[in-house]
Amino acid sequence: MHKMTRRHVLTTISTSAVLLCPALLNAQTNIDEAWADIPDDRPIGEDSLITVGAGPTDVDVSALQPGEVTVIARPTADAEFSATGMMQYIAVHRRTAEQIAFGATNDREGTVQNPEYFVVNLLCSHRGKAVGLTGNPQAPFACTDRGSRHSSVYDASGFGVSGASEGEHLSIPAHTITTDGDQVVVTLA
């Protein structure tokens, strides 16, 4: 089993006040300027990823505090991930009480197993580029391809609120979440 440590925390999304106006989202995140020169084949923070092998695996994410996000990276043979170098990047976001409430009304039915944890593929629904973590509670996920016909931005439930993926959802990886006392394990299929 792989164990997450504090060095694996990529960002903290500390609140869930969600505004769905695309112009406001882009102004608040300012990612077009901040991400102008980043690669579009992997999320930001590559040195903090939890890297695992291909196939089924267990990752202990018990060290996540409310609002924090970690990312698991694993190789895959699935052609859907060709734009990310055949790497599947999976975010695990431990939600705050406010984020759990937001999820209760905004998560897609059947996609969240434990409302305290949001698990999502960081793969843009537009062209399969990597999705990065903005740290912005209104728009925590954004495509790393910031071109004029791309620039997808997603809310805290993985719903596209602006850019080429507006109205689409980020995909959810096959997984289970098991809790036993203070231990929380994400099992990836």
Side-chain angles (χ1 to χ4, degrees), residues 4 9-32 34-35 43-45 59 61-62 64-72 80-81 84 88-146 150-179 184-189:
M4 184 217 138
V9 174
L10 261 67
T11 192
T12 299
I13 304 170
S14 60
T15 183
S16 70
V18 177
L19 306 169
L20 297 179
C21 172
L24 189 54
L25 284 173
N26 286 331
Q28 288 176 338
T29 58
N30 198 19
I31 55 180
D32 289 335
W35 290 9
I44 296 171
V59 180
V61 295
S62 304
L64 276 178
Q65 298 299 308
E68 293 180 341
V69 181
T70 191
V71 175
I72 302 165
E80 180 179 18
F81 296 91
T84 59
Q88 180 182 21
Y89 297 103
I90 302 162
V92 180
H93 174 206
R94 182 172 179 190
R95 294 169 161 174
T96 63
E98 295 84 13
Q99 292 161 340
I100 292 169
F102 175 78
T105 58
N106 292 285
D107 288 337
R108 288 176 287 160
E109 190 172 329
T111 62
V112 177
Q113 297 174 25
N114 179 328
E116 193 172 352
Y117 294 88
F118 182 57
V119 181
V120 65
N121 281 315
L122 294 178
L123 186 71
C124 186
S125 58
H126 177 228
R127 292 242 173 125
K129 301 287 185 171
V131 166
L133 304 168
T134 69
N136 184 313
Q138 290 81 22
F141 307 105
C143 182
T144 55
D145 188 340
R146 305 310 303 159
H150 304 278
S151 302
S152 297
V153 176
Y154 300 87
D155 72 11
S157 67
F159 182 72
V161 293
S162 72
S165 297
E166 187 172 349
E168 299 176 3
H169 288 91
L170 291 172
S171 63
I172 306 295
H175 72 283
T176 56
I177 298 175
T178 308
T179 57
V184 179
V185 176
V186 174
T187 302
L188 301 173

Self-check item: Listed partners of His175 passing ring-ring contact (aromatic ring centres under 6.0 Å, His included), at least two apart
Solution: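 If we apply the ring-ring contact (aromatic ring centres under 6.0 Å, His included) test to His175, skipping adjacent residues, there are no hits.
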Rounded to the nearest 0.5 Å, what separates atom [atom1] in [X] from atom [atom2] in [Y]?
| X | Y | atom1 | atom2 | value |
| --- | --- | --- | --- | --- |
| Gln88 | Asn121 | CD | CG | 4.5 Å |
| Leu133 | Leu122 | CG | CG | 5.5 Å |
| Asp145 | Arg127 | CG | CZ | 8.5 Å |

Identify the heavy atoms of [X] and [Y] that sit nearest to each other, and give their distance.
| X | Y | value |
| --- | --- | --- |
| Pro173 | Ile90 | CG-CG2, 3.8 Å |
| Ala91 | Phe141 | CB-CE2, 4.4 Å |
| Arg94 | Leu64 | NH1-O, 2.7 Å |
| Glu68 | Thr12 | CG-OG1, 3.7 Å |
| Gln99 | Ile13 | NE2-O, 2.6 Å |
| Val119 | Ile172 | O-CD1, 3.4 Å |

Can you confirm whether [X] sits close enough to [Y] that some side-chain heavy atom of one is under 4.5 Å from a side-chain heavy atom of the other?
| X | Y | result |
| --- | --- | --- |
| Val184 | Tyr117 | yes |
| Asp155 | Phe102 | yes |
| Met4 | Ile72 | no |

Practice problem: List for me each residue that meets side-chain contact (heavy atoms from CB on, under 4.5 Å) alongside Val112, sequence neighbours excluded, and say none if there are none. | Solution: Arg95, Asp107, Phe118
Exercise. Tell me, please, which residues at least two apart from His126 pass side-chain contact (heavy atoms from CB on, under 4.5 Å).
Key: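 Residues passing side-chain contact (heavy atoms from CB on, under 4.5 Å) with His126: Cys124, His150, Ser152, Ala164, Ser165.
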Practice problem: Test Asn106 against Phe159 for side chain to side chain contact (heavy atoms under 4.5 Å, CB included), laying out the working first. | Solution: CA-CA 9 Å; Asn106 292 285; Phe159 182 72; over 6 Å; no
